[in-house]
Amino acid sequence: QVQLVESGGGLVQAGGSLRLSCAASGRTFSRHVRGWFRQAPGKEREFVAAITWFGGSTYYADSVKGRFTISRDNAKNTVYLQMNSLKPEDTALYYCVASSTMLYGGGYYTGSQYEYWGQGTQVTVSS
């Protein structure tokens, strides 16, 4: 089993920044993908960003490209999401996710491809 614990959420004004962290513990996989999804009230869950653990390739939703950056620290087994130029529409519960295998093509963007999910951390952006 893999345990994912998110931190770093909070309340910020529009235009501000936050950095989310996701620490993993338990079973480890050499080639897998970590990422972030979010869900706003009344809306469907959506993909935000993903990173391959072995090669460090990154993938982003169009809505966050140029504003958010996903990164990893292999030694700490932690993934980060740096969020800049935040907008009120970024308000959501942000979930850290991890797969047990490599993903390909559209798999990065599909929630069902990730077996492990954190509890979520709330991000609220005020206008």
Indicate the atoms forming the closest heavy-atom contact of [X] with [Y], along with that distance.
{"X": "V2", "Y": "A24", "answer": "CG1-CB, 4.5 Å"}
{"X": "A50", "Y": "Y114", "answer": "CB-OH, 3.7 Å"}
{"X": "Y108", "Y": "L103", "answer": "OH-O, 2.8 Å"}

Supply the members, apart from Y80, of the Ile/Leu/Val/Met/Phe/Trp/Tyr cluster built from side-chain contacts under 4.5 Å; use none for a lone residue.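 Y80 clusters with nothing; isolated.
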Taking only residues two or more places apart in sequence, or in another chain, which ones meet Q13 in a side chain to side chain contact (heavy atoms under 4.5 Å, CB included)?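 Expected list: S126.
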side-chain hydrogen bond (donor to acceptor under 3.5 Å, both in side chains) with [X]: which residues, sequence neighbours excluded?
{"X": "Y109", "value": "none"}
{"X": "K65", "value": "D62"}
{"X": "N84", "value": "S17, Q82"}

Whether R31 engages the ring of W53 as a cation-pi pair (distance to the six-membered ring centre under 6.0 angstrom, angle to the ring normal within 45°) should be assessed.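 No.
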Pair W117 + F37: ring centers closer than 6.0 Å: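 Under 6.0 Å, so yes.
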Name the residue from V5, T78, L4 that meets the side chain to side chain contact (heavy atoms under 4.5 Å, CB included) definition with C22.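 Option passing the side chain to side chain contact (heavy atoms under 4.5 Å, CB included) with C22: L4.
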Within a 6.0 Å radius of atom CD on Q3, are there more than 12 heavy atoms belonging to other residues, nucleotides or ligands?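 More than 12 heavy atoms, drawn from other residues, nucleotides or ligands, come within 6.0 Å of this atom.
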Show the atom names and distances, to 0.1 Å, of all donor-acceptor pairs under 3.5 Å that link a side chain in residues 92-102 to residues at least two apart or in another chain.
{"residue": "Y94", "atom": "OH", "partner": "R38", "partner atom": "NH1", "Å": "2.9"}
{"residue": "Y94", "atom": "OH", "partner": "D90", "partner atom": "O", "Å": "2.6"}
{"residue": "S99", "atom": "OG", "partner": "V33", "partner atom": "N", "Å": "2.9"}
{"residue": "S99", "atom": "OG", "partner": "V33", "partner atom": "O", "Å": "3.4"}
{"residue": "S99", "atom": "OG", "partner": "T101", "partner atom": "O", "Å": "2.6"}
{"residue": "S100", "atom": "OG", "partner": "E115", "partner atom": "OE2", "Å": "2.6"}

